[in-house]
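Position 1 is the first residue of the sequence, and the numbers go up from there. Every number for a ligand or one of its atoms is a count from 1 in the order of the listing.
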Amino acid sequence: MQQLRELKSHELGELAALDARANATPWSLFNYQQSADDPKHIICGLFVNNILCGACVYSQVLDQAEILQLCVAYEYQRQGYGYTLLNSVCAELKKYAASQIFLEVMVGNDAAINLYQKLGFNVINTRKNYYKVNGKYKDALIMARELI
Ligand SMILES: CC(C)(COP(=O)(O)OP(=O)(O)OC[C@H]1O[C@@H](n2cnc3c(N)ncnc32)[C@H](O)[C@@H]1OP(=O)(O)O)[C@@H](O)C(=O)NCCC(=O)NCCS
């Protein structure tokens with residue numbers, strides 16, 4: 001059984017731990033708490049048999065939306081959950097009249113880039129040395145999708 005719903009504040013610790021294991025650029029618990037305090041942000045969790053297996057943080061201002069974070073728990077990856085999560089978020093944003101969605105992804109994160117391309121996102125720009133991972137700078141790709 002799959003369920004998609006907004007996470008409650010007491011679930012953010014579990015999400016931060018999941019993200020830390022799954023992601024090369026994870027958010028800390030503090031990052032998630034700050035996001036939860038921002039009325040423009042939504043933290044949406046995907047539960048499979050009542051187990052949190054992934055989450056997406058996004059925001060919408062007028063007709064422009066942004067994916068701020070996305071992760072699927074390491075042990076649940078490659079089973080279609082990332083696709084389900086992001087596809088559902090895109091559908092939700094469309095319902096609320098968003099016409100464009102933006103996101104940033106690190107060059108070399110092929111799993112995420114392939115997922116975004118599969119969902120119709122295209123690279124529109126590059127930000128040089130945007131990420132620092134293990135002391136090394138990496139570029140960010142800015143990707144966008146029209147919601148029509
Ligand atoms: C990116 C991420 C969310 C994908 O989630 P997932 O549940 O494993 O992805 P899915 O099983 O739904 O796969 C959907 C598509 O994504 C792509 N993909 C997913 N994992 C991939 C991998 N390891 N290598 C290459 N492509 C991959 C494929 O195009 C796949 O479609 P296919 O199965 O038809 O080939 C997951 O790998 C993750 O959490 N990574 C760490 C966090 C991260 O990088 N987040 C993005 C930050 S911008």
Does [X] reach ligand 1 with a nitrogen or oxygen that is under 3.5 Å from one of the ligand's nitrogen or oxygen atoms?
| X | value |
| --- | --- |
| Lys118 | yes |
| Gly82 | yes |
| Cys71 | no |
| Arg78 | yes |
| Ala112 | no |
| Thr84 | no |

Handout entry: Ring-face cation of Lys118 near Tyr83 (centre distance under 6.0 Å, axis angle within 45°)
Key =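 Yes, Lys118 and Tyr83 form such a contact.
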
Of all the non-hydrogen atoms in the protein, which one sits nearest to [atom], and at what distance?
| atom | result |
| --- | --- |
| atom 45 (N) of ligand 1 | Leu70 O, 2.8 Å |
| atom 29 (O) of ligand 1 | Asn114 CB, 3.4 Å |
| atom 21 (C) of ligand 1 | Ala111 CB, 3.4 Å |
| atom 2 (C) of ligand 1 | Leu115 CD2, 4.4 Å |

Handout entry: Lys/Arg N to Asp/Glu carboxylate O, Glu11 vs Arg5, below 4.0 Å
Key =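 So Glu11 pairs with Arg5 through a salt bridge.
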
Need the ligand 1 atom indices (1-based, order shown) with element for anything under 4.0 Å from a heavy-atom of [X].
| X | value |
| --- | --- |
| Tyr83 | 12 (O) |
| Gln79 | 11 (O) |
| Tyr116 | 46 (C), 47 (C), 48 (S) |
| Glu104 | 48 (S) |
| Ala22 | 41 (C) |
| Asn109 | 43 (C), 44 (O), 46 (C) |
| Gly80 | 10 (P), 11 (O), 12 (O) |

Exercise for the section: Only heavy atoms count here, so choose which of Gln117, Gln77, Gln69 is nearest to atom 37 (O) of ligand 1. Expected result: Gln77

Completion exercise
The reported gap from CG in Leu86 to CG in Leu119 (rounded to nearest 0.5 angstrom) is 5.0 Å

Practice task
For the pair Gln60 (side chain) and Tyr96 (backbone), establish whether a donor and an acceptor sit closer than 3.5 Å, ignoring hydrogens and angles.
Solution key: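 Here the side-chain-to-backbone pair exists.
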
Handout entry: Cys90 versus Leu147, closest heavy-atom pair with distance
Key =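 The pair with the smallest heavy-atom distance is O-CD1, 3.9 Å.
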
Problem - Closest non-hydrogen atom pair between Val72 and Leu18, with its separation - result: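 The pair with the smallest heavy-atom distance is C-CD2, 4.1 Å.
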
Problem - Heavy-atom side-chain proximity of Leu7 to Leu52 below 4.5 angstrom - result: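 The answer is yes, as the side chains (C-beta and beyond) meet within the 4.5 Å cut-off.
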
Handout entry: Pairwise side-chain contact, Val107 with Tyr131, heavy-atom cut-off 4.5 Å (strictly under)
Key = no

Distance only, no hydrogens: is a donor on one side chain within 3.5 Å (strictly under) of an acceptor on the other, for [X] and [Y]?
| X | Y | result |
| --- | --- | --- |
| Glu104 | Tyr130 | yes |
| Ser28 | Asn31 | yes |
| His41 | Ser59 | no |

Fill in the blank from the handout: Note: Met106, heavy atoms under 4.0 Å from ligand 1, region reported as neither

Problem - Flag: protein heavy atom within less than 4.0 Å of atom 48 (S) of ligand 1 - result: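 Yes, there is a protein heavy atom closer to it than 4.0 Å.
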
Exercise for the section: Go through the steps to decide whether Gln69 and Asp19 satisfy the test side chain to side chain donor-acceptor pair (under 3.5 Å), and finish with yes or no. Expected result: CA-CA 10 Å; Gln69 188 66 312; Asp19 197 11; 3.2 Å; yes

